[in-house]
Amino acid sequence: MPELPDVEIFRGYFNATSLHQKTTGIEVRNAKVLKEISARKLRSALVGHSFQSTRRHGKYLFAETDGTNWLVLHFGMTGYLKYFKNLDEDEKHTRVLFSFANGFHLAYVCQRLLGEVNVIESPDDFIKERSMGADAFDVSYDRFKQIISGSTAAIKSTLMNQEILAGIGNIYGDEILFQSKIHPKTKSNTLRDKTIQCMYRNMHKVWRTAVDKQADPDRFPRTYLLPNRAEGAKCPRCKQKIQTLKVIGRTAYFCPKCQNKNS
DNA sequence: CTAGATGTTAAGGT
DNA sequence: CACCTTAACATCTA
């Protein structure tokens, strides 16, 4: 489930489980997640070292070692972390298994292999090389407004473009637009200042709620779209039928009554 | 059996 | 250039 809030939760999980202990081994079960490095390089960069701290930018998690390298984790559509002692708790789709000196393991699980495990020397350089936009949790209002009003694309497309704003994916994009009563196909540069302010506030509200509720839609407030994000479901605000349409190839769920293009 | 699913990228079209 | 659509990656589920 990895969008910004999910990755922020993984970061907390990593901090609570995997810092300050020596990595004793790394088993690469499926090298497809390594994308641009070898298993040998992953091991030589991390084995014998310990993780000291973490950072997040958009959907990427970075873990700093006591050496010169950082571990990079991206979770694709189906990735997550699991920390355990006994291998009978291992997961079917563990792609990389980190082992620590205390006998515990950290599994990088990624069913669809769309995620990435990498090693880098500088998160800031990596963020630049990958052309990532401002983190959607950290961005200032002035920058946010500049970003939105500088794009002629559909607002949902702008929000989800990682080179413009990093961290928003399909489901939280829908939630932010639902909370802000904006139609997903509204042209970004036609939004009024007041609407952009509203969207900025709602973006933060959604992040806080999602992290607070451990990104579990069942625990979200009833006024949220996410628990009702299904074809034929009813809008939690006006009871109209939720509709779908395609924006940049992804399904957008929205309420045709609450979210109209002229608001 | 088929279509679609939280992500990203490449290729091609308007 | 800015934007959109489609396809692809591997696997599971409705």
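In what follows, chains carry the letters A, B, and so on, assigned in the order in which the sequence lines appear, proteins first and then strands, with residues in each chain numbered from 1. Worth knowing before you read on, the calculation uses all heavy atoms, side chains too, and leaves out hydrogens, waters and symmetry mates.
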Ignoring the backbone of [X], work out which of [options] is nearest its side chain.
| X | options | value |
| --- | --- | --- |
| S157(A) | dC3(C), dG7(B), dC4(C) | dC4(C) |
| P2(A) | dA2(C), dT6(B), dC4(C) | dT6(B) |
| K32(A) | dA10(C), dC12(C), dG7(B) | dA10(C) |
| E3(A) | dG7(B), dA5(B), dT11(C) | dG7(B) |
| N170(A) | dT11(C), dC3(C), dG7(B) | dG7(B) |
| I171(A) | dA5(B), dC4(C), dT6(B) | dT6(B) |
| I248(A) | dC3(C), dC4(C), dT8(B) | dC4(C) |

Check your understanding: Is R56(A) paired with E8(A) through a side-chain N to carboxylate O contact shorter than 4.0 Å?
Key ->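 R56(A) and E8(A): salt-bridged.
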
Review point. Are any of the side-chain nitrogens in D124(A) or R55(A) under 4.0 Å away from the carboxylate oxygens of its partner?
Key: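 Salt bridge between D124(A) and R55(A), a charged N being under 4.0 Å from a carboxylate O: yes.
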
Practice item. In whole angstrom, give me the gap between the C1' atoms of dC3(C) and dT6(B). Key: 24 Å

Do the side chains of [Y] and [X] get nearer than 4.5 Å, heavy atoms only?
| X | Y | result |
| --- | --- | --- |
| L61(A) | V72(A) | no |
| E175(A) | T209(A) | no |
| F178(A) | P236(A) | yes |

**Study point:** Close residues, residues 107-124 of chain A, relative to DNA chain B [heavy-atom separation under 4.0 Å]
**Key:**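 Here the set is R112(A), L114(A).
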
Practice item. List the steps and the verdict of side-chain hydrogen bond (donor to acceptor under 3.5 Å, both in side chains) for H49(A) and D66(A). Key: CA-CA 6 Å; H49(A) 292 282; D66(A) 57 0; 2.8 Å; yes

Point to revise | Residue whose nearest DNA chain B nucleotide is more 5′ - K246(A) or Q162(A) | key: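 Result: K246(A).
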
Point to revise | Where G58(A) and D135(A) come nearest, the two heavy atoms and their spacing | key: N-OD1, 2.6 Å

Would you indicate what [X] reaches in the nucleic acid, counting non-hydrogen atoms under 4.0 angstrom: base, sugar-phosphate, or nothing?
| X | result |
| --- | --- |
| G249(A) | base |
| K185(A) | nothing |
| R130(A) | nothing |

Practice item. Let me have DNA chain B in dot-bracket notation, would you? Count Watson-Crick plus G-U wobble pairs, both distances under 3.5 Å, and use [ ] for pairs crossing earlier ones and | for inter-strand partners. Key: .||||.||||||||

Practice item. Rounded to the nearest 0.5 Å, what's the gap from CD1 on I9(A) to CD on Q214(A)? Could you check? Key: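 One gets 4.5 Å once the value is rounded to the nearest 0.5 Å.
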
Point to revise | Nearest-0.5 Å distance, CG of residue L73(A) to OH of residue Y108(A) | key: 6.5 Å

Check your understanding: Does H74(A) make a side-chain N or O approach to OP1 or OP2 of dT8(B) shorter than 4.0 Å?
Key -> yes

Review point. Does H93(A) have a side-chain nitrogen or oxygen under 4.0 Å from the phosphate oxygens OP1 or OP2 of dC12(C)?
Key: yes

Review point. Rounded to whole angstroms, how far apart are OH on Y60(A) and C1' on dG7(B)?
Key: 9 Å

Between N or O atoms, less than 3.5 Å apart, protein on one side and nucleotides 12-14 of chain B on the other: list the pairs.
none

Review point. Quick check: are there more than 12 heavy atoms from other residues, nucleotides or ligands sitting under 6.0 Å from NZ of K82(A)?
Key: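 Buried by this count: over 12 neighbours within 6.0 Å.
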
Point to revise | Option passing side chain to side chain contact (heavy atoms under 4.5 Å, CB included) with I242(A) (candidates C255(A), C258(A), P256(A)) | key: C255(A)

Review point. Is the Y60(A)-F75(A) ring centre distance short of 6.0 angstrom?
Key: no

